[in-house]
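All heavy atoms count here, side chains included; hydrogens, waters and symmetry mates do not.
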Amino acid sequence: MATNRPQGGDGLGAMQGAKLFVAGGGSGMGAAIALMAAARGAKVAVAGRRQEKLDRVVEMLGDQALGSYTLDVHEADQVNAALAEHGPFDFIVCSAADLTFKAFLELDDSEIDTMLSSKLMGPVNLARAASKHLAPAGSVLFFSGVAAYRQTEGTSIVGSINMALESLVANLAIEMKPKRFNVICPGVVDSTTWDKGPQPPTPANVPAGRRGQAQDIAHAALMILENNFINGTVVNVDGGARIG
């Protein structure tokens, strides 16, 4: 059974013995969150579309691994089945996304549908599943991104979905209380996200002077999950990209 944590928030021991489910846990920020949580004592299940990537993360998780699930987050039945096996969970994270960075008029229907399915419907399905498979005092974390605030060519749909997620969690925090829902908004992070689009801003455009790393985002994500007074909000971890 999941642990029920009505108190806490100081980050000391909040992950110890907790159960965490990470959709998008096979690589990048999702994998970094899974591994950092495990290092703090959490039992972790990872999900994604490529089993070979999940296998590598599970190997690194060692005894802290609950299992891995090959699935598409836009398939509600797959999401529910995965969460049911080891639920209820204390924490659910979704960093899964299949994005295309391309000028608005160049995007075709299938590319838009894929973005909506992975980055919007995935969290919608996880939120619905959280009603059954998340502990009463549990926490859910979704990912938006700096494209919601800094519009550039090729980010029209990406930015729109990011803003939709930020609005969604505010409502979910009200409608599904006392469960908590938040969004982390990362800036440009070195990852495969940019393989299908224009190059991200150079460090000179970011006040922090560099791009983010997966570990930067993982550290912030665990803080949000562990602190039970953060709810219905957006935490920006972008090196100052919104103001650069």
Side-chain angles (χ1 to χ4, degrees), residues 21-25 27-33 48 73-74 91-102 104 107 111-128 130 139-176 179-194 196-198 200-201 205-206 208 211-214 216-225 227 230-244:
F21 184 94
V22 184
S27 62
M29 294 179 289
I33 291 168
V73 289
H74 69 271
F91 307 114
I92 296 173
V93 173
C94 182
S95 64
D98 188 352
L99 306 176
T100 299
F101 296 88
K102 189 185 290 185
F104 177 72
L107 289 166
E111 290 169 329
I112 294 173
D113 287 344
T114 295
M115 287 189 277
L116 289 168
S117 294
S118 65
K119 191 155 189 183
L120 184 57
M121 283 310 300
V124 166
N125 288 333
L126 283 162
R128 287 171 168 167
S139 181
V140 179
L141 180 63
F142 297 141
F143 276 66
S144 62
V146 73
Y149 305 98
R150 294 299 299 268
Q151 288 73 29
T152 60
E153 183 176 346
T155 64
S156 57
I157 302 300
V158 176
S160 298
I161 295 171
N162 288 343
M163 289 298 292
L165 282 171
E166 295 185 4
S167 177
L168 176 66
V169 298
N171 254 83
L172 294 177
I174 295 170
E175 294 191 21
M176 295 180 66
K179 294 176 171 68
R180 292 186 297 115
F181 289 82
N182 292 291
V183 165
I184 191 168
C185 181
V188 177
V189 177
D190 281 332
S191 74
T192 57
T193 297
W194 300 99
K196 298 198 303 182
N205 300 115
V206 179
R211 296 177 188 173
Q213 301 296 318
D216 298 321
I217 308 305
H219 185 271
L222 294 194
M223 178 273 294
I224 297 166
L225 294 173
N227 190 318
I230 299 176
N231 194 20
T233 195
V234 180
V235 178
N236 295 284
V237 189
D238 60 10
R242 287 168 293 107
I243 59 174

Exercise: identify the closest heavy-atom pair between [X] and [Y]:
X	Y	value
Gly24	Ser95	O-OG, 3.4 Å
Ala221	Ile184	N-CD1, 3.8 Å
Ala130	Val140	CB-CG2, 4.2 Å
Val234	Cys185	CG1-CB, 3.8 Å
Ile230	Met223	CD1-SD, 3.4 Å
Gly232	Ala173	CA-CB, 3.6 Å

Exercise for the section: Apply the side chain to side chain contact (heavy atoms under 4.5 Å, CB included) test between Phe142 and each candidate in Leu120, Leu172, Ile92; give the one that qualifies. Expected result: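 Per the side chain to side chain contact (heavy atoms under 4.5 Å, CB included) rule, the option paired with Phe142 is Leu172, out of Leu120, Leu172, Ile92.
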Practice task
Take Phe101 and Thr152 through the test side chain to side chain contact (heavy atoms under 4.5 Å, CB included) and record every step on the way to the result.
Solution key: CA-CA 10 Å; Phe101 296 88; Thr152 60; over 6 Å; no
[X] vs [Y] side-chain heavy atoms within contact, under 4.5 Å:
X	Y	result
Pro186	Asp238	no
Asn162	Lys119	yes
Glu175	Phe181	no
Asn125	Val73	no
Val235	Val183	no

Handout entry: Gln151: side chain to side chain donor-acceptor pair (under 3.5 Å) partners, not counting sequence neighbours
Key =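 Testing Gln151 for side chain to side chain donor-acceptor pair (under 3.5 Å), a comparison that skips the adjacent residues, returns none.
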Exercise for the section: Under the salt bridge (Lys or Arg N to Asp or Glu O under 4.0 Å) rule, collect the residues that match up with Glu111, sequence neighbours excluded. Expected result: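 Checked Glu111 against salt bridge (Lys or Arg N to Asp or Glu O under 4.0 Å); matches are Lys102.
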Practice task
Take Ile33 and Leu222 through the side chain to side chain contact (heavy atoms under 4.5 Å, CB included) test and state the conclusion after the steps.
Solution key: CA-CA 7 Å; Ile33 291 168; Leu222 294 194; 4.1 Å; yes
Exercise for the section: Evaluate the side chain to side chain contact (heavy atoms under 4.5 Å, CB included) criterion for residues Ile217 and Val189: first the C-alpha distance (whole Å), next the side-chain angles of each, then the deciding distance (0.1 Å), finally the verdict. Expected result: CA-CA 9 Å; Ile217 308 305; Val189 177; 3.8 Å; yes
Between atom [atom1] of [X] and atom [atom2] of [Y], what is the distance when rounded to the nearest 0.5 Å?
X	Y	atom1	atom2	result
Arg211	Asp216	CZ	CG	13.5 Å
Cys94	Leu126	SG	CG	5.0 Å
Ile174	Asn231	CD1	CG	9.0 Å
Ile161	Ile112	CD1	CD1	9.0 Å
Met115	Thr100	CE	OG1	5.0 Å
Lys179	Ser139	NZ	OG	11.5 Å

Practice task
Kindly determine whether Phe91 and Leu141 satisfy side chain to side chain contact (heavy atoms under 4.5 Å, CB included), including the steps that lead there.
Solution key: CA-CA 8 Å; Phe91 307 114; Leu141 180 63; over 6 Å; no
Handout entry: Main-chain N/O of Ala97 paired with Ser118 side-chain donor or acceptor, under 3.5 Å
Key =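 The answer is no, because no donor-acceptor pair under 3.5 Å joins these two groups.
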Problem - Donor-acceptor under 3.5 Å (Arg242 side chain, Ala148 main chain) - result: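 Judged by distance alone, no pair lies under 3.5 Å.
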